[in-house]
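Take a look at the structure below.
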There are 2 protein chains.
Amino acid sequence: MPTMSEDNHLHYMQSALREAQEALEQGEVPVGCVIVHEGRIIGRGFNQREHLQDPTAHAEIIAITAAAATLGSWRLENAQLYVTLEPCPMCAGAIILSRIEAVFFGASDPKAGCCGTLMNLLQDTRFNHRTAVFGGLMKEECGNLLSSFFKSVRNKSTGQRDDNNSH
Amino acid sequence: MPTMSEDNHLHYMQSALREAQEALEQGEVPVGCVIVHEGRIIGRGFNQREHLQDPTAHAEIIAITAAAATLGSWRLENAQLYVTLEPCPMCAGAIILSRIEAVFFGASDPKAGCCGTLMNLLQDTRFNHRTAVFGGLMKEECGNLLSSFFKSVRNKSTGQRDDNNSH
């Protein structure tokens with residue numbers, strides 16, 4: 001993995017937070033992601049499940065597809081992924097399949113996090129690729145964005161379906 | 001889950017096999033998938049990783065996105081998914097997120113299968129949805145298609161990258 005200063009990691013997580021902010025403005029659970037390759041952001045994404053009505057439209061999946069399009073290859077071997085929330089099984093699986101080198105996430109996800117919380121798919125030696133994982137980067141900022149979103153949903157909610165507490 | 005005769009299950013798996021055949025004809029690892037809702041196929045997909053150069057372009061992900069577009073909803077709550085190969089972590093995760101009712105798969109996947117082989121994500125009670133899973137439906141036909149593909153890749157391979165043994 002390329003040596004990067006803490007400042008660089010914060011810079012990329014700030015970019016992921018801007019993506020999450022975009023999701024928030026569109027009424028989506030605020031999760032954002034960027035993918036970096038040789039110091040350049042090659043893919044961005046934010047959660048668009050409600051807007052697209054697509055259960056696969058998580059920030060990471062959108063960013064991975066965008067990054068693969070940028071490189072013209074499904075192999076993201078020397079890329080790093082920054083995401084504001086710990087990836088779920090689907091996104092952890094996509095990270096393994098794309099052979100991403102390292103994942104940096106902000107807030108842990110006690111309900112579906114599969115990069116260290118419920119399990120750690122990225123480090124399971126039975127798969128044909130292992131991705132390094134670093135959690136807790138800017139976790140307060142990432143978590144606060146999610147908390148304020150869910151608080152506002154609960155305040156608005158008057159008998160609506162209780163589906164918004166997962167993205 | 002709706003009561004269905006064995007004939008119906010075979011019929012839908014035959015449709016998934018036709019999708020896999022399409023993948024084979026395009027030089028992709030032959031995996032195919034259909035999603036059924038109230039007796040109607042609402043989404044189809046076959047593996048297109050190489051053609052699209054997209055690591056997320058597995059048969060199941062394409063079929064799930066198509067099914068959600070058909071219903072106009074990310075919730076595929078009363079749907080059944082038929083796929084020729086046991087889903088990987090990414091696809092198992094997408095199945096959980098889309099709240100699919102039941103998964104029927106053909107061949108088991110000893111390398112990445114997460115619906116009973118390496119683990120069973122679909123029945124993990126920590127997630128907010130459980131999907132019933134039935135493996136081994138037409139496993140010979142599904143497995144033979146994969147075996148013949150990999151045999152032909154090995155015969156053609158003369159120092160190529162050894163990347164084709166995962167889809």
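Numbers restart at 1 for each chain; the letters A, B, ... are given by sequence-line order, proteins then strands.
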Applying a strict under-4.5 Å side-chain criterion to I, L, V, M, F, W and Y, I'd like to know whether [X] and [Y] cluster together.
X: B/Phe149; Y: B/Phe46; value: no
X: B/Val31; Y: B/Ile62; value: no
X: B/Leu81; Y: B/Leu10; value: yes

Which atoms form the tightest heavy-atom contact between [X] and [Y], and what is the distance?
X: B/Ala94; Y: A/Thr56; result: CB-CG2, 4.3 Å
X: A/Lys111; Y: B/Phe127; result: O-CD2, 4.0 Å
X: A/Pro89; Y: B/Gly93; result: CB-CA, 4.0 Å

Spacing of [atom1] belonging to [X] relative to [atom2] belonging to [Y], to within rounding of 0.5 Å:
X: B/Met119; Y: A/Leu121; atom1: CE; atom2: CG; value: 5.0 Å
X: B/Met90; Y: A/Ile61; atom1: CE; atom2: CD1; value: 6.5 Å
X: B/Ile96; Y: A/Cys88; atom1: CD1; atom2: SG; value: 8.5 Å

Contact part of [X] toward chain B, heavy-atom cut-off under 4.5 Å: side chain, backbone, both or neither?
X: A/Ser98; result: both
X: A/Ala92; result: neither
X: A/Leu118; result: both

Check your understanding: Would you say B/Leu97 and A/Arg49 make side-chain contact, with heavy atoms under 4.5 Å?
Key ->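 Sidechains of A/Arg49 and B/Leu97: no contact.
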Exercise for review: Just give me the residue among A/Ala112, A/Pro110, A/Ser73 that pairs up with chain B most often, heavy atom to heavy atom, under 4.5 Å.
Suggested key: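 Top count of heavy-atom pairs under 4.5 Å with chain B: A/Ser73.
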